[in-house]
2 protein chains.
Amino acid sequence: MLRISKLTDYGIVLLTHFAELSALGEDETHNARQMAEATSLPLPVVSKILKGLVQERILVSQRGSKGGYALGRRPEEIRISEVIAALEGPIAMVECSAGPGHCDVEASCRVRDPWQRINRAIQETLERVTLADLVSGAPGALVQIAARQPDAVPADR
Amino acid sequence: MLRISKLTDYGIVLLTHFAELSALGEDETHNARQMAEATSLPLPVVSKILKGLVQERILVSQRGSKGGYALGRRPEEIRISEVIAALEGPIAMVECSAGPGHCDVEASCRVRDPWQRINRAIQETLERVTLADLVSGAPGALVQIAARQPDAVPADR
DNA sequence: AGCATATCGGACCGGAGCGGTCCTGTAAAT
DNA sequence: ATTTACAGGACCGCTCCGGTCCGATATGCT
């Protein structure tokens, strides 16, 4: 299916919401519960995703009481490719693209090199899209919250 | 990981071999066993993949004794995107890109539209690469693809 | 100091889908 | 009629994903 994982999809939604809040001047940290409520996503899932994004410095975290998360950089500096890489590892369409040693006949493989190029093309496409591109337009963002119901998870309320 | 399935990867390898045989003037049909031996892949797997490729007319099949498979079109007319679609369904990075009805709040979703564009960009990247590009020793086309600016992602800023 | 809050890091688990096998039916050649 | 080979399934183990939970740590407040 050539799909990204659901977690990554949710991650984009969460980051979009962060960017919207940031655009409104609310640059303080927001905790996981607030983000979960705003996006209608389960809290544990949100928590897991935000943790993953912190490790790649896409978000910065503040522990303890009054703690929470905030964007680590400006939305224009956050590329979609980075988000995907943070949440599901390196972008590699086939194993052998991620590094050597994944295939025992890679020395003689005739398609490895073409795959590398295709992979690069996709990667560069994803690098050209930033978080700022996703939130642009559509003023009146405050009312319209990026709420996505997970279709596999029953609404637990 | 943004990866294609192993089956699809094998499918590309098999098709590459078909194209090479075709370039040598050997245009007869080749049966699954021959292809399995030539690529060192298990016969049942090869059989399964070839069956899938026939359904999308990428290969044509000949039943019975002396039967086998052959390319359904010229290598220049077989796009990688078609191969992926044949073996693992429509190219959709998120469920809601594959069609309506996958998400119950898609009407108000703020990130759906951006995802559609990203999805299209990837799809078009994959459409630009044909089987002929993969077998040509000097993949000039692929270099161009990687360098080309895909205007498919319109900067909507 | 002590308590409450909230992230951090990891373990844990059920289910879906993938990789892979096998079996029965059918078409074609000898 | 027999043999060959594709067609179309069912089937199954295994991995990985989506999702939950818990203990540890860091911070703010009283």
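Below, chains carry the letters A, B, ... as their sequence lines are ordered, and counting in each starts from 1.
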For this session: For A:T8 and for A:Q62, locate the closest nucleotide of DNA chain D by heavy-atom distance; then report the residue assigned to the nucleotide nearer the 5' terminus.
Result: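 Closest to the 5' end, via its nearest nucleotide, is A:T8.
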For this session: For A:K48 and for B:S65, find the nucleotide of DNA chain D with the closest heavy atom, then tell me which residue's nucleotide is more 5'.
Result: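 Between the two, 5'-proximity favours B:S65.
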How long is the line joining [atom1] of [X] and [atom2] of [N], in whole Å?
| X | N | atom1 | atom2 | result |
| --- | --- | --- | --- | --- |
| B:K6 | D:dC14 | NZ | C1' | 12 Å |
| B:I49 | C:dG20 | CD1 | C1' | 10 Å |
| B:I84 | C:dC18 | CD1 | P | 14 Å |
| A:E88 | D:dC17 | CD | P | 8 Å |
| A:L53 | C:dT7 | CG | P | 13 Å |
| B:K51 | C:dT21 | NZ | P | 13 Å |
| A:L50 | C:dA6 | CG | C1' | 12 Å |
| B:L59 | D:dC6 | CG | P | 11 Å |

Exercise. Does A:S5 place a side-chain N or O at less than 4.0 Å from the phosphate oxygens OP1/OP2 of D:dG18?
Worked result: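 For D:dG18, OP1 or OP2 has a side-chain N or O of A:S5 closer than 4.0 Å.
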Problem set entry | Side-chain N or O of A:Y69 closer than 4.0 Å to phosphate OP1/OP2 of C:dC8 |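 Yes, such a contact exists.
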Exercise. Closest approach of B:S81 and B:E127, non-hydrogen atoms and distance?
Worked result: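 So the two residues come closest at OG-CG, 3.1 Å.
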Exercise. What are the two closest heavy atoms between B:T29 and B:G68, and how far apart are they?
Worked result: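 Heavy-atom minimum between the residues: CB-C, 3.8 Å.
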Exercise. Hey, is the main chain of A:L53 close enough, under 3.5 Å, to the side chain of A:E56 for a donor-acceptor pair?
Worked result: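 Looks like no, no N/O pair under 3.5 Å.
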Problem set entry | Nearest-neighbour nucleotide for the B:N31 side chain, D:dT20, D:dG8, D:dA5 considered |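 Between D:dT20, D:dG8, D:dA5, the one nearest the side chain of B:N31 would be D:dA5.
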Exercise. Any idea which of D:dT20, C:dT7, C:dA29 is nearest the B:K66 side chain?
Worked result: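 Nearest to the side-chain atoms of B:K66, counting from C-beta on, is C:dA29.
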Exercise. Should the pair B:E82-B:R73 be classified as a salt bridge under the 4.0 Å nitrogen-to-oxygen rule?
Worked result: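 Salt bridge flag = yes for B:R73 with B:E82.
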Exercise. Charged N to carboxylate O below 4.0 Å: is that the case for B:R33 and B:E37?
Worked result: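 Salt bridge flag = no for B:E37 with B:R33.
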Exercise. Pick the nucleotide of DNA chain C nearest each of B:R63 and A:S61; which residue has the one closer to the 5' end?
Worked result: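 Closest to the 5' end, via its nearest nucleotide, is A:S61.
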